[in-house]
Trainee: 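The structure is given below, and queries will be raised subsequently.
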Amino acid sequence: MFEYHEPRSLAEVTSLLAAHGEAAKVLAGGTDLLVQIRKGRHQPRHLLNIKTVPGLDQVNFAEDCVEIGAAVTLHDGEKFLSAYPEYAVLCRAMHSVASCQIRNRATLAGNVCNASPAADTVPALVVLGANVKIHGTHGDRLVPVDRFLTGPGRTVLLTGEVVSAIVLPRMNGGGGRGVFLRKARRPSLDLATANVAVYAAGESCRIALGAVGPTVIRVREAERLLARQGLTAATAAEAARLARSAAKPITDVRGSDEYRLDLVSALTEQALLTLAMEVRA
Ligand SMILES: Cc1cc2nc3c(=O)[nH]c(=O)nc-3n(C[C@H](O)[C@H](O)[C@H](O)COP(=O)(O)OP(=O)(O)OC[C@H]3O[C@@H](n4cnc5c(N)ncnc54)[C@H](O)[C@@H]3O)c2cc1C
């Protein structure tokens, strides 16, 4: 049994979290949390529904960033950002999560906070250089998405802290383009066996891998190679080999470690070749 709260401000959320510590859990869309409670993985005594906090369901465009409030669903996030081609990599990742029904409840922030190694939006957020905005009793702090995640189901959130937004840098017409690809056992309603996001802006190219390690993996050696030699069929193949070396997959019901290594290499090469065509177009 738990007590259900409908806080009306972030200050109320943080004071409830600080007061109840481990016994309290933030509830956003509930598409992960309610399943976990039913399986007995969490037994919170207090559930704090952040969808009742006014303003958290907004996407705010500022001069240097876009703040996606913690109650913005994957469906609405995709709808708001679809007019901006530089964020297409994130739109594709959001669209690939589960089903339309789930995307209408599930939030972008919840996908990050759940800290699943297979979360689809995480590699896309990492290649975009996104930050997590954390609100606590001492104010706000920003943490890059890859540093926010410390392991399966683990984040840097401290007692009393809540994520208030996901913050994307404004690309301001810099012409950046990205590609997100995933492979799962079936086309939808299954977590990815592996997923890959790539993003190029000017001379720089970023590559992030999901579901092939305890948290998202940046393939920095491949990124340096692409910055030095440019994106060609030959460098895409070499980058794919480097992605395979950087991955640290496990064997589970979704696939063996060897299969995931092959997958990550194939997805990386395909994503880079697609990106090369998009950049030229
Ligand atoms: C059938 C099914 C298929 C799915 N398929 C996919 C898939 O293909 N790809 C994929 O990536 N995911 C998939 N998921 C997982 C899930 O839908 C996403 O992870 C979802 O985005 C979680 O968001 P939520 O708002 O529902 O989070 P919730 O379930 O409400 O919360 C998840 C966790 O994050 C914490 N949390 C949430 N918001 C905050 C916050 N603002 N501050 C601090 N902590 C917070 C909660 O306490 C909880 O621990 C699937 C789920 C189901 C049930």
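Just follow the structure's listing: the first ligand is 1, and inside any ligand the first atom is 1. In this chain, residues are counted from 1 in sequence order.
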Trainee: Looking only at atom types and distance, does a side-chain atom of R8 sit under 3.5 Å from a main-chain N or O of T52, one as donor and one as acceptor?
Mentor: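 Side chain of R8 to backbone of T52, a donor-acceptor pair under 3.5 Å: yes, one is there.
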
Trainee: Is it true that H42 lies under 4.0 Å from ligand 1, counting heavy atoms only?
Mentor: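 Judged by the 4.0 Å heavy-atom criterion, H42 does not count as contacting ligand 1.
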
Trainee: Could you walk me through whether I207 and L242 pass side chain to side chain contact (heavy atoms under 4.5 Å, CB included), step by step?
Mentor: CA-CA 11 Å; I207 305 172; L242 292 169; over 6 Å; no

Trainee: Is it true that the side chains of T73 and N104 contain a donor and an acceptor less than 3.5 Å apart?
Mentor: no

Trainee: Does R186 reach the main-chain N or O of L189 with its side chain, forming a donor-acceptor pair under 3.5 Å?
Mentor: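 Side chain of R186 to backbone of L189: a pair is present.
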
Trainee: Examine ligand 1 and decide if any of its atoms is less than 4.0 Å from a heavy atom belonging to D190.
Mentor: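 D190 counts as a contact of ligand 1 under the 4.0 Å cut-off.
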
Trainee: Counting non-hydrogen protein atoms only, what is the nearest one to atom 27 (O) of ligand 1? Give residue, atom name and distance.
Mentor: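 Atom 27 (O) of ligand 1 sits closest to the protein heavy atom G110 CA, 3.7 Å.
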
Trainee: What residue and heavy atom of the protein are closest to atom 46 (C) of ligand 1, and at what distance?
Mentor: V26 O, 3.0 Å

Trainee: For ligand 1, which atoms have a heavy atom of L157 less than 4.0 angstrom away?
Mentor: 43 (C)

Trainee: Which ligand 1 atoms, with their elements, are less than 4.0 angstrom from a heavy-atom of A119?
Mentor: 11 (O)

Trainee: May I ask you to list the atoms of ligand 1 that are less than 4.0 angstrom from any heavy atom of L189?
Mentor: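 Counting atoms of ligand 1 from 1, those under 4.0 Å from L189 are 1 (C).
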
Trainee: Which residue holds the protein heavy atom closest to atom 9 (N) of ligand 1, what is that atom called, and what is the gap in Å?
Mentor: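 The protein heavy atom lying closest is D120 OD2, 2.8 Å.
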
Trainee: Do any nitrogen or oxygen atoms of A98 lie less than 3.5 angstrom from nitrogen or oxygen atoms of ligand 1?
Mentor: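 A98 vs ligand 1: N/O contact under 3.5 Å present.
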
Trainee: Could you please spell out the steps behind the side chain to side chain contact (heavy atoms under 4.5 Å, CB included) verdict for T215 and D146?
Mentor: CA-CA 8 Å; T215 64; D146 46 358; over 6 Å; no

Trainee: Distance under 4.0 Å to a non-hydrogen atom of A70: what atoms of ligand 1 satisfy this?
Mentor: 41 (N)

Trainee: In Å, rounded to the nearest 0.5 Å, how long is the span from SG of C65 to CG of N131?
Mentor: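 Going from the SG atom of C65 to the CG atom of N131 covers 9.0 Å.
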
Trainee: Using the rule given for side chain to side chain contact (heavy atoms under 4.5 Å, CB included), can you reason through V53 versus E6, listing the C-alpha separation, both sets of side-chain angles and the distance that settles it, and then say yes or no?
Mentor: CA-CA 8 Å; V53 176; E6 293 196 338; over 6 Å; no

Trainee: Of all the non-hydrogen atoms in the protein, which one sits nearest to atom 34 (O) of ligand 1, and at what distance?
Mentor: C113 CB, 3.4 Å

Trainee: Taking the six-membered ring for Trp and the single ring otherwise, decide whether the centroids of F80 and Y87 are under 6.0 Å apart.
Mentor: no

Trainee: Do me a favour and list the nearest non-hydrogen protein atom to atom 31 (O) of ligand 1 with residue, atom name and distance?
Mentor: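 Its nearest protein heavy-atom neighbour is L33 CB, 4.1 Å.
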
Trainee: Report the part of Q101 (side chain from C-beta onward, or backbone N, CA, C, O) that has a heavy atom under 4.0 Å from ligand 1; answer both or neither where that applies.
Mentor: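 Neither part.
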
Trainee: What residue among V162, V163, V143 forms side-chain contact (heavy atoms from CB on, under 4.5 Å) with L157?
Mentor: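 That would be V163.
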
Trainee: Testing H20, E12, H46 one by one against H5 for a side chain to side chain donor-acceptor pair (under 3.5 Å), which residue passes?
Mentor: H46

Trainee: What is the closest protein heavy atom to atom 41 (N) of ligand 1, and at what distance does it sit?
Mentor: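 Ranked first by proximity to atom 41 (N) of ligand 1 is V163 O, 2.9 Å.
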
Trainee: In ligand 1, which numbered atoms sit nearer than 4.0 Å to a non-hydrogen atom of T31?
Mentor: 16 (C), 17 (O), 18 (C), 20 (C), 22 (C), 23 (O), 24 (P), 26 (O), 29 (O), 53 (C)

Trainee: Please write down residue, atom name and distance for the protein heavy atom closest to atom 2 (C) of ligand 1.
Mentor: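 Among all protein heavy atoms, the one nearest atom 2 (C) of ligand 1 is I102 CD1, 3.4 Å.
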
Trainee: Hey, what do you get for SG (C113) to CG (L33), rounding to the nearest 0.5 Å?
Mentor: 11.0 Å

Trainee: Suppose I only count heavy atoms of L191 and a 4.0 Å limit; which atoms of ligand 1 are within that range?
Mentor: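 Numbered from 1, ligand 1 contributes 6 (C), 7 (C), 9 (N), 10 (C), 12 (N), 13 (C).
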
Trainee: With heavy atoms of T107 as the reference, note each atom of ligand 1 found under 4.0 Å away.
Mentor: 21 (O), 23 (O), 24 (P), 25 (O)

Trainee: Run the numbers on D257 and R260 for salt bridge (charged side-chain N to carboxylate O under 4.0 Å, His left out), then give the verdict.
Mentor: CA-CA 5 Å; D257 53 357; R260 282 190 156 103; over 6 Å; no

Trainee: Would you mind telling me if ligand 1 is within reach of the side chain of L108, the backbone, both or neither, using heavy atoms under 4.0 Å?
Mentor: neither

Trainee: How far is atom 19 (O) of ligand 1 from the closest protein heavy atom, and which atom is that?
Mentor: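 Protein heavy atom at minimum distance: D32 OD2, 2.5 Å.
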
Trainee: Test your reading of the structure: does G29 have an N or O sitting under 3.5 Å from an N or O of ligand 1?
Mentor: yes

Trainee: Does only the side chain of T121 get under 4.0 Å from ligand 1, or the backbone, or both, or neither? Count heavy atoms.
Mentor: neither

Trainee: T268 vs V219, test: side chain to side chain contact (heavy atoms under 4.5 Å, CB included). Steps then yes/no.
Mentor: CA-CA 10 Å; T268 303; V219 193; over 6 Å; no

Trainee: May I ask you to list the atoms of ligand 1 that are less than 4.0 angstrom from any heavy atom of I50?
Mentor: 41 (N)

Trainee: Which residue is it: H135, R141, H138? I am looking for the one with a side chain to side chain donor-acceptor pair (under 3.5 Å) to E161.
Mentor: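 Only one option passes, and that is R141.
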
